[in-house]
There are 2 protein chains.
Amino acid sequence: MKRPSYHHGDLANALTTAATQLAREGGPDAIVLREAARQVGVSATAAYRHFAGHGDLMSAVQKRAMDELAGAMRSALAATGAESDPRAEAMRRLRALGLGYLRFALAEPGLFRTAFCRPTPGMPDKPAQDMSVVGPYQMLVDSIDRFVDVGLLALERRPWAETFAWSSVHGLAILLLDGPLRHCPPPDRDQIIDRVLDGVVAGLTAA
Amino acid sequence: MKRPSYHHGDLANALTTAATQLAREGGPDAIVLREAARQVGVSATAAYRHFAGHGDLMSAVQKRAMDELAGAMRSALAATGAESDPRAEAMRRLRALGLGYLRFALAEPGLFRTAFCRPTPGMPDKPAQDMSVVGPYQMLVDSIDRFVDVGLLALERRPWAETFAWSSVHGLAILLLDGPLRHCPPPDRDQIIDRVLDGVVAGLTAA
DNA sequence: AAACTATGTTGGCGCCGTCAACTTAGAGGA
DNA sequence: TCCTCTAAGTTGACGGCGCCAACATAGTTT
């Protein structure tokens with residue numbers, strides 16, 4: 001595992017990958033710059049040629065995590081078969097999105113927590129960070145727009161509708177991962193997920 | 001600020017208070033054992049006579065934070081005037097609870113984040129911890145039981161209904177504090193909160 | 001009064017993020 | 001071709017952290 005030349009060639013990427021693996025296994029707190037450098041086979045301070053500091057590295061990992069989440073949601077959406085009734089289809093797509101979100105959170109808790117962890121002092125906290133969320137967010141917005149298109153959601157109730165949906169699903173993810181539901185056995189868990197998705201759809205489509 | 005005697009007398013409490021103040025100002029990551037000891041005017045290792053370690057201290061702070069949250073919710077509930085229509089009253093109480101929850105999260109972000117932060121290795125993670133949440137949780141359950149009592153929520157939809165409500169409100173809190181909504185100006189914020197609470201009530205009471 | 005125990009203190013370990021100063025390898029112009 | 005310049009890595013050090021072992025002190029008990 002010794003690199004042939006003095007210069008690495010793609011250290012920024014290698015460090016981000018190593019740090020992402022750390023986050024995958026232990027969440028945001030497991031992202032330790034020195035360990036990532038160690039795994040890449042480079043001195044700790046070498047990282048500072050490519051990252052402003054720990055927060056900057058973390059922010060790179062966040063972006064990767066968010067991309068993985070977006071991918072999981074995309075897959076979940078793609079795995080949803082077509083439907084004749086457009087209303088049923090709109091609901092099914094929204095549920096698929098939520099399910100993809102939750103399944104990712106449960107399958108990759110470390111990455112999920114990292115994706116949404118609060119910007120540490122020393123992190124950019126620029127619009128760039130919010131941009132990385134555009135994948136998941138845009139999918140959700142599109143999915144809710146369909147509700148309007150097929151007449152499931154009145155235009156006057158459209159504003160912030162996606163925020164409601166996102167809040168519910170995200171909150172459930174947090175409660176399942178870190179909250180009081182964290183020791184909930186999988187059968188109950190699946191039932192809860194179903195019920196919360198029911199609530200979201202009902203909350204959106206209610207008169 | 002020098003204590004008169006060699007023995008402090010109530011060090012555990014003093015440390016917890018100091019640590020709680022740290023958490024209030026900077027969230028869970030700001031809870032640093034040495035700093036708490038410093039502020040109390042005691043050597044760092046003295047804390048180990050009263051706490052198993054950093055995680056144990058943190059867990060004590062968590063309990064305090066959860067108590068403060070429960071207090072805020074209780075106040076919010078108490079501030080709600082009576083209502084003639086029992087259905088309207090049930091809804092109003094649930095909304096008051098959610099509002100109290102969210103206002104606390106926004107007013108005391110550090111404590112709120114600490115209250116719900118994931119058990120670190122080294123923390124008990126015993127039922128005791130889940131017990132501390134019994135205040136907020138029980139209030140929510142009671143409030144939703146009223147929905148059943150007044151016929152707003154069918155019995156068959158009762159299971160996990162409080163989980164749905166909690167997820168939505170908790171998720172919104174997280175998104176507002178740390179998520180993509182963290183720079184949302186207060187007017188929009190209040191509107192969002194209203195809309196999400198609408199969604200919760202609608203999701204619960206939908207046919 | 002003596003011994004015991006609960007509660008502090010000091011000093012030190014290994015980890016962390018970060019900085020300053022030095023070294024190396026490779027690219028580009030004379 | 002050689003020489004220089006600079007981007008990319010290195011070493012060594014600093015202060016802060018959680019934690020441990022060993023020691024000191026002050027109440028309590030007998």
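Order of the sequence lines fixes the chain letters, A, B, ..., with proteins taken first and strands second; residue numbering starts at 1 for each chain. This structure is a prediction, so every number in the text was calculated from the model and none was measured.
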Is the side chain of Ser168(A) donor-acceptor paired with the backbone N or O of Phe164(A) at a distance under 3.5 Å, no angle test? yes
Tell me the interatomic distance from His50(B), atom NE2, to dT7(C), atom C1', rounded to whole angstroms. 6 Å
Considering only dC19(D), dG8(C), dT18(C), which nucleotide approaches the side chain of Val42(B) most closely? dG8(C)
Are Asp142(B) and Arg93(B) close enough for a salt bridge, meaning some N to O gap below 4.0 Å? no
Trace of the side chain to side chain contact (heavy atoms under 4.5 Å, CB included) decision for Ile192(A) with Cys184(A): CA-CA 10 Å; Ile192(A) 290 180; Cys184(A) 184; 4.0 Å; yes
Quick check for you: among dT10(D), dG18(D), dG8(C), whose closest atom lies nearest to any side-chain atom of Arg49(B)? dG8(C)
What's the CG-P distance between Leu33(A) and dC15(C), to the nearest Å? 16 Å
Given atom NE2 of His54(A) and atom C1' of dG17(C), what is their separation to the nearest angstrom? 8 Å
Length of the CG-C1' vector between Leu11(B) and dG8(C), whole Å: 9 Å
Hey, does the side-chain of Thr45(A) have a donor or acceptor N/O within less than 3.5 Å of a partner on the base of dT11(D)? yes
Any side-chain heavy-atom pair from Phe51(B) and Leu33(B) closer than 4.5 angstrom? no
When the rotation axes relating C1' atoms of four end pairs to the next four are compared across the helix from dA1(C)-dT30(D) to dA30(C)-dT1(D), five pairs an end, they differ to 10° by 10°
Between Arg157(A) (side chain only) and Ala206(A) (backbone N and O only), is there a donor and an acceptor less than 3.5 Å apart? yes
Tell me if the aromatic rings of His54(B) and Tyr48(B) count as close, with their centers under 6.0 Å from one another. no
I want to confirm an ordering. Mapping Tyr48(A) and Ala44(B) to their closest nucleotides on DNA chain C, which one lands closer to the 5' end? Ala44(B)
Any side-chain donor paired with an acceptor under 3.5 Å for Thr80(A) and Arg95(A)? no
Rounded distance in Å - CZ (Arg38(A)) to P (dT11(D)): 14 Å
Between CD of Glu35(B) and P of dG16(D) the distance, given in whole Å, is 11 Å
Which of the following nucleotides, dT9(C), dT18(C), dG18(D), is nearest to the side chain of Ser43(B)? dT9(C)
Among dT18(C), dT10(D), dC16(C), find the nucleotide with the atom closest to the side chain of Val32(A). dC16(C)
Per nearest nucleotide of DNA chain D, the residue lying toward the 5' end, Arg34(A) or Arg34(B), is Arg34(A)
How long is the gap from CZ on Arg195(B) to CZ on Arg158(A), to the nearest 0.5 Å? 9.5 Å
Compute whether any side-chain donor of one residue and acceptor of the other, for Trp166(A) and Tyr101(A), lie under 3.5 angstrom apart. yes
Please report, rounded to the nearest Å, how far the C1' atom of dG9(D) is from the CZ atom of Phe51(A). 15 Å
Contact list for DNA chain C against residues 18-30 of chain B - heavy-atom distance below 4.0 Å: none
